[in-house]
Peer 1: 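My questions all concern the structure below.
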Amino acid sequence: MRNGESRFRDAAGRRSGVRHDALERRPHGARPVASRASGIGKLCRTYWWPLYAFVRRDGHRPEDAKDLTQEFFARLLERRNFDAVRREKGRLRSYLLVALKHFLANERHRGSAIKRGQAQQLISLDEILAHQRSDLEPADALTAEQIYERRWALTVLEQVLVRLGDEFRAAEKASLFERLKELLADEPGRPSQAEIARELGMTENAVKQAFHRLRERYRQILREEIAHTVATPGEIEDELRHLIAILRT
């Protein structure tokens, strides 16, 4: 792997990579936390896979892990207290992991395993499983905490690419996005800017400028995604550094 680069899987499950210089720089102001209703749903979709991976590594079978993850979110959503969590605990990433550990410990203590398929379905599993990845099950070499942290980082990057792709498609530039995002990746055989220009009937300078704008927007969206999960703007930089550190390991 090249210095300053990291690999991840995109929203379609393909393995790809993003240079860390595409993540770093620009301590720019990020927007405030999203509205409560849409924000909670988004946070659930973002953290479902990392938390599920932790439950699997904790020793639960796939179907039981899905039910436990669903039930954990169902109980958390009943309180509707994500804003309070951010104010009191800071990073939602850390809070959810601690809360999940307590939840699993309580389930073991009570000896009340959730019956398969009976967990509250406040989060659509059909929607989540539609994006199932080939690396669904955790790797043996990693601890539960390492798996959770890595899945969190990969999911954040996937969210960024999804949002960026939606913006390009809304501007009727889907083909340009599909080609330019390959330039973010650390993959053999990725196209050059000159090749993209010839393919799309653009000048090489136009492709260069479009890629520059894509990278700048990528960084901005990444900061916005991180901003949703921390208590104050001052924590964004620390969380970004943590994400990059995870991807470098």
Side-chain angles (χ1 to χ4, degrees), residues 9 11 33-133 135-140 142-159 162 225-231 235 239 242-243 246:
R9 295 184 184 272
V33 174
S35 65
R36 185 173 294 116
S38 62
I40 288 176
K42 181 180 179 63
L43 288 170
C44 290
R45 288 188 294 272
T46 298
Y47 283 92
W48 198 95
W49 283 112
L51 291 169
Y52 166 83
F54 182 92
V55 178
R56 283 286 292 124
R57 167 54 72 229
D58 196 50
H60 298 276
R61 294 174 296 180
E63 290 302 318
D64 293 334
K66 291 174 186 176
D67 285 343
L68 284 164
T69 306
Q70 283 289 90
E71 184 65 19
F72 170 74
F73 271 114
R75 296 184 189 179
L76 197 65
L77 288 170
E78 286 174 357
R79 297 196 294 272
R80 297 274 178 176
N81 66 344
F82 282 109
D83 288 339
V85 166
R86 277 189 289 265
R87 286 194 302 271
E88 297 173 7
K89 303 293 183 180
R91 293 167 178 79
L92 187 61
R93 166 183 56 82
S94 301
Y95 171 81
L96 288 177
L97 181 56
V98 172
L100 178 65
K101 289 179 179 179
H102 286 309
F103 167 78
L104 294 175
N106 289 338
E107 289 301 308
R108 291 193 190 96
H109 180 70
R110 292 196 324 221
S112 57
I114 299 169
K115 293 182 180 179
R116 184 172 299 174
Q118 296 302 307
Q120 299 185 57
Q121 299 296 309
L122 297 184
I123 306 165
S124 171
L125 275 182
D126 290 338
E127 177 185 352
I128 294 171
L129 294 177
H131 299 286
Q132 181 171 347
R133 307 164 196 141
D135 66 338
L136 172 60
E137 297 306 323
D140 290 338
L142 301 177
T143 67
E145 287 79 5
Q146 289 172 327
I147 290 168
Y148 171 77
E149 294 276 353
R150 187 157 183 82
R151 291 290 177 85
W152 165 77
L154 298 180
T155 302
V156 170
L157 295 187
E158 288 174 3
Q159 297 277 3
V162 168
E225 291 295 316
I226 293 295
H228 295 324
T229 68
V230 296
E235 294 176 307
E239 198 72 341
H242 183 71
L243 182 145
I246 292 170

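Keep in mind that this is a model prediction, so the values were computed, not measured.
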Peer 1: When you compare the side chain of Phe72 with that of Thr69, does any pair of heavy atoms fall below 4.5 Å?
Peer 2: no
Peer 1: I'd like to check Leu96 versus Leu76 (side-chain heavy atoms, cut-off strictly below 4.5 Å). Are they in contact?
Peer 2: yes
Peer 1: Mind checking the CH2-CG spacing from Trp152 to Leu51? Nearest 0.5 Å is all I need.
Peer 2: 12.5 Å
Peer 1: Using 0.5 Å steps for rounding, measure from the NZ atom of Lys66 to the CH2 atom of Trp48.
Peer 2: 6.5 Å
Peer 1: OH of Tyr47 to CG of Leu97: how many Å apart, nearest 0.5 Å?
Peer 2: 10.5 Å
Peer 1: Please enumerate all residues that pass side chain to side chain donor-acceptor pair (under 3.5 Å) together with Tyr148, with sequence neighbours excluded.
Peer 2: none
Peer 1: Which heavy atom in Leu142 sits nearest to a heavy atom in Gln146, and how many Å separate them?
Peer 2: CA-OE1, 3.5 Å
Peer 1: Drop me the distance from Thr46's OG1 to Glu225's CD, to the nearest 0.5 angstrom.
Peer 2: 6.0 Å
Peer 1: With a 4.5 Å limit on heavy-atom distance, are the side chains of Phe103 and Val55 in contact?
Peer 2: no
Peer 1: For Ala153, enumerate each residue passing the side chain to side chain contact (heavy atoms under 4.5 Å, CB included) test, keeping only those at least two apart in sequence or located in another chain.
Peer 2: Leu243, Ile246, Leu247
Peer 1: Could you state the interatomic distance from CG (Leu154) to CD (Glu158), rounded to the nearest 0.5 Å?
Peer 2: 6.5 Å
Peer 1: Taking the side chain as everything from C-beta on, heavy atoms only, tell me whether Glu71 gets closer than 4.5 Å to Asp67.
Peer 2: no
Peer 1: Are any of the side-chain heavy atoms of His242 and Glu149 separated by less than 4.5 Å?
Peer 2: yes
Peer 1: Any idea how Tyr52 and Trp49 line up, ring-wise: parallel (<30°), tilted (30 to 60°), or perpendicular (>60°)?
Peer 2: perpendicular
Peer 1: State which residues pass side chain to side chain donor-acceptor pair (under 3.5 Å) with Glu239; sequence neighbours excluded, sorted by chain then number.
Peer 2: Arg91, Arg93
Peer 1: Measuring from atom CG of Leu100 to atom CG of Leu68, what distance do you get when rounded to the nearest 0.5 angstrom?
Peer 2: 8.5 Å
Peer 1: For the residue pair Ala53 and Ile147, what are the closest heavy atoms and their distance?
Peer 2: CB-CG2, 3.3 Å
Peer 1: Do you know which two heavy atoms are closest between Arg56 and Ala65, and how far apart they sit?
Peer 2: CD-CB, 3.6 Å
